[in-house]
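Heads up, the thing below is written out as structure tokens.
Ligands are counted one by one from 1 in listed order, and the atoms in each one are counted from 1 as well.
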Amino acid sequence: MDNLVRLPEHGADPGLTLPGGTRPKEYPMTTVPIAKTPIQQRRILATTIPGPRSKLLHERKVSAVSAAVGTGLPVYIERAGGGILVDVDGNHLIDFGSGIAVTTVGNSAPRVVAGVQSQVEDFTHTCFMVTPYEEYVEVCERLNALTPGAGEKRSALFNSGAEAVENAIKVARTFTGRPAVIAFDHAYHGRTNLTMALTAKNMPYKQGFGPFASEIYRVPMAYPYRWPTGPDRCADEAFAQFVSFVHTQVGEQNTAAVIIEPIQGEGGFIVPPPGYLRRVAHWCAENGILFIADEIQTGFCRTGDWFACEHEDVVPDLITTAKGIAGGLPLAAVTGRGDVMDSVHGGGLGGTYGGNPVACAAALGAIETMQADDLCGRAREIESLFMPRLRELAEKFDVIGDIRGRGAMLALELVAGDGDSTPNAALTSAVNAHCHSQGLVTLTAGTFGNVLRFLPPLSSGDDLLHEGLDIVAQAFVASS
Ligand SMILES: Cc1ncc(COP(=O)(O)O)c(C=O)c1O
């Protein structure tokens, strides 16, 4: 019993007041084995950021790690949970990044930890393609049940988002017998050769890495804020351009799939106008083209629904997931129509580690947490907490050109201001750096590097979120 600690399911400080101040009722206590004491859910600046121990570690990093692998904020993390990252200097940083939308259930979430610990003791690997195990099957069952659409579905598991996307394309080409794939401006689908071709932005993702995979075509994205004739005409005109482009430059009969992020992630949290996704999906169905929703960043409660395309009542033929699926362990999936997924020859999909049992155990713990703690509801609460504060900020600072996103996936697009919507990457970097210096981990995004994005863990308490937003507000004052 020594290492059994009663702690809230959020892994937060038992004294912390969470949404509505009624956490004991809303978030029942649970007993889980944990190795370390719970993490105080408050910001603590013990040193300047980064502190001396982080600086020493960073010197080692520079000597040992390829310079091509960057770090946004070189503070070295020792522990994390709730909404806090604890660094090696004892600083408690507020996390508005979730390791890029991964730790949706919080870091070291109790059910994830319990599942991983138990699985590691049982066995760590057999390779599902050699001798299978129940955890893989169970994750696929859960995915088939949770993803949109009532029909029969199948899933296959992989290690990373890029690998899931690659495999979704393999499936789509096999099923349709067609080569072409349509992707969008501002898209991000990964860094492998095929997914680099699907990704829009050159620096840093593609520069010098070509030649890229063929038969990938790019169409304009329905980007309301930057639509030339204004946001009201965006849905109709973007859809017309999309249809015309595919018809005239690719040919519907040559097109296997259209792949789209229901809310674009790295491209700048671009939310297509209402109805746009539905029209694209419907048009795909009419033309025998598969509609692939890349929900790698948007999936698993992040946007206030299990999957962002539910907001538009869109049922994709294939859906790619990763990131939030397993509470921080590497796991990814392709889920889709049974006839489509089963069209590939036996042995055509797989990989040594895909659906590793430890990652599967983590996913089952993460999914259980999302269901038991209603994390979709929590994401919507976070949106309600953030939005008025972001609007207040935009009233004060005209360099905030757009506020967008859904649930706990929200962003500010920064511009020159005074009616000029020229992207303002310099200000975005300055605001981001100021937040970092004050112990708030924020991320930037966007094709033009001018989007400040917020992806807090859904285990963050309201107090922390408000404190983080106070820091963002101060950052605008300090940087303007
Ligand atoms: C929408 C989307 N697709 C694919 C990927 C690639 O995932 P991974 O980095 O796990 O390969 C990402 C990663 O940010 C993403 O946001």
Problem - Distance flag, aromatic centroids of Y353 and F158, threshold under 6.0 Å - result: no
Exercise for the section: For the residue pair F128 and Y136, categorise the inter-ring angle as parallel (less than 30°), tilted (30 to 60°) or perpendicular (more than 60°). Expected result: parallel
Handout entry: Pair E215 + R173: basic N to acidic O under 4.0 Å
Key = no
Problem - Check: Y188 ring centroid to Y205 ring centroid under 6.0 Å - result: yes
Completion exercise
dist L410:CG -> F269:CZ (nearest 0.5 Å) comes out at 8.0 Å
Practice task
Heavy-atom cut-off of under 4.0 Å around ligand 1: list whichever protein residues fall inside it, by chain and number.
Solution key: S160, G161, A162, Y188, H189, G190, E261, E266, D294, I296, Q297, K323
Exercise for the section: Decide, yes or no, whether a salt bridge links E266 with R453 under the criterion of side-chain N to carboxylate O below 4.0 Å. Expected result: yes
